[in-house]
Protein chains: 2
Amino acid sequence: MSSSGGVVRRSLLDDLASSMLSLIADRNLAAGDPFESVRSLAERFKVAVPTIREALRRLEATGAVELRHGSGVYVGRHIGRLVLANPLAPTPSADRLVELLQARALIEPPVAALAAQNRTDAALERMDQHLAEAADLIESGDHARLAEVNMDFHRSLAQASGNATLAEVVESVTVVNVREQLEILHIHGDRQADLDEHRAILEAVRAADAELAERLTREHLDGVLTVINDRARPPLS
Amino acid sequence: MSSSGGVVRRSLLDDLASSMLSLIADRNLAAGDPFESVRSLAERFKVAVPTIREALRRLEATGAVELRHGSGVYVGRHIGRLVLANPLAPTPSADRLVELLQARALIEPPVAALAAQNRTDAALERMDQHLAEAADLIESGDHARLAEVNMDFHRSLAQASGNATLAEVVESVTVVNVREQLEILHIHGDRQADLDEHRAILEAVRAADAELAERLTREHLDGVLTVINDRARPPLS
DNA sequence: GAATGAAAATGATCAGATCACTTGGTCATT
DNA sequence: AATGACCAAGTGATCTGATCATTTTCATTC
């Protein structure tokens, strides 16, 4: 049984989707570049417009392309990625959010250690910028934007590891509902402490101290996790 | 800049996609269950067939639904997932494969430790079955199927952690091109040693020895990684 | 009871048209 | 020259309605 072996009859849509991806690759297009109009694509592949649109929707769902009304079809931000956050995922339950944080607490510390070993000047600068922006946002009180920038820090930390796959994984587990994570932060409350912890992690990475970076990242995420758990199951008395 | 703040104008397609997901959720449908015909959906949402099909293609791309020619629309295997392997990802380069294995070597050991703490009898039995099947396949020499079952073992190990998100992450990094990993295995060659290592991991998990499970998993993946690296950069003399 | 084959249900694709949005240019106003 | 209103072309979004291909069902037949 199962799908192993045998000739997989590729559907027309499969062909269209992969052909368009090849087209993008052949032209060396990068994220954000304009691709080609729907009508032009339909003509190129000798299919009707609705058909090419179905294939485009499929690509769109994985972030490979982007359709902008009135403007055109563009290369998407997630072109070429192996691991993705489900763009259609519903708002996760409280349990799921705890799971998500547990996953992060498990994955990100060793990633931070790797980042401490492989970090480049460019990566350090990117993290510096995120922390500077975060400091500004604490001043201005824009908590929604702050939550996003804090996630950006975690992502750039993962990027600093030099492993794109790990960066994608971390991206995927951090992208889920910043709104919910904002609520968490709001409860956690101590935004300044968060910033300080991020700064400490960055310094460990800058100093190429893998062990310290790992420990600080673990403590940081475990701290958040503790707060969440306390809220979920408030003390009995 | 960026997408923060502001009113996000949800398109008709966004509404259709999320409405259909809600419909599936409301009906308590599980993966594999029949959903509803395209025509019926078009009628229900008062839109034309090509429109509903675009929305369905979007859902299909994330594994939320499945369209079977002549049969109907069914609930997909990945319904409700947060993290996904990009179903449209091209065959990764050699570098990317090494990255993928590095990511696995980083993530899976602590997951194995967690599995040792949280494993249930059902999870243990599932892993037992995979190893039994793997043993059979070594006998019969079906290496393609063996590679798949070996990946199944790693997935069920992650499932045993009790954290669905972690399981999804491991799923995502193991699903990528079993074909390529098969090639790796073919080079690695020692299929019996692999099986023995898997068995040792399982026994550590069964014994609830988190530390051992973690160490064995790390050694197992590092071993594969070493082989790959040796192949990629053969010794100088 | 099993094999056969017609009919119905359903997805896949097509063709052409109309509506809605974006963009760039024109042109009058300032 | 800078600004803003306006218009027209390009492009995505959606509709209508039909035809083809595949699967499933079920009555018929042996």
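Remember, it's a predicted structure, so these values are computed and weren't measured experimentally. Naming: A, B, ... by sequence-line order, numbering from 1 per chain. Values reported hereafter were calculated over all heavy atoms of this structure, with side chains retained and with hydrogens, waters and symmetry mates removed.
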*asked:* Is it the case that the side chains of E99(B) and T165(A) hold a donor-acceptor pair, with the cut-off being a distance below 3.5 Å and no angle test?
replied: yes

*Where do L88(B) and N86(B) come nearest, in terms of heavy atoms and distance?*
N-OD1, 2.9 Å

_Considering only residues two or more places apart or on different chains, which pairs with a residue in residues 38-48 of chain B satisfy salt bridge (Lys or Arg N to Asp or Glu O under 4.0 Å)?_
E36(B)-R44(B)

_Whether the side chain of R58(A) engages the backbone of A61(B) through a donor-acceptor N/O pair (distance < 3.5 Å, no angle test) should be reported._
no

_d(CG, L13(B); P, dA20(C)) in whole Å_ = 17 Å

_Within the 3.5 Å criterion, strictly below it, is a donor on S156(A) or H130(A) matched to an acceptor on the partner's side chain?_
yes

*Enumerate the residues from residues 37-61 of chain B whose closest heavy atom to DNA chain C is under 4.0 Å, giving them by residue number; use none for an empty result.*
S37(B), V38(B), R39(B), R53(B), R57(B)

*Can you check whether E66(A) reaches V75(A) side chain to side chain, under 4.5 Å on heavy atoms?*
no

_Any residue in residues 64-78 of chain A with a heavy atom nearer than 4.0 angstrom to DNA chain C? Just list them by number, or reply none._
H69(A), G70(A), S71(A)

*Take atom CD of E36(A) and atom C1' of dG10(D), then tell me their distance rounded to the nearest Å.*
14 Å

*Measure the distance from CG on D14(B) to P on dA13(D) and round it to the nearest whole Å.*
11 Å

*Is the shortest side-chain N to carboxylate O distance from R145(A) to E148(A) below 4.0 Å?*
yes

*Any donor and acceptor pair, going by atom type alone, linking the side chain of D15(A) with main-chain N or O of L12(A) inside 3.5 Å?*
no

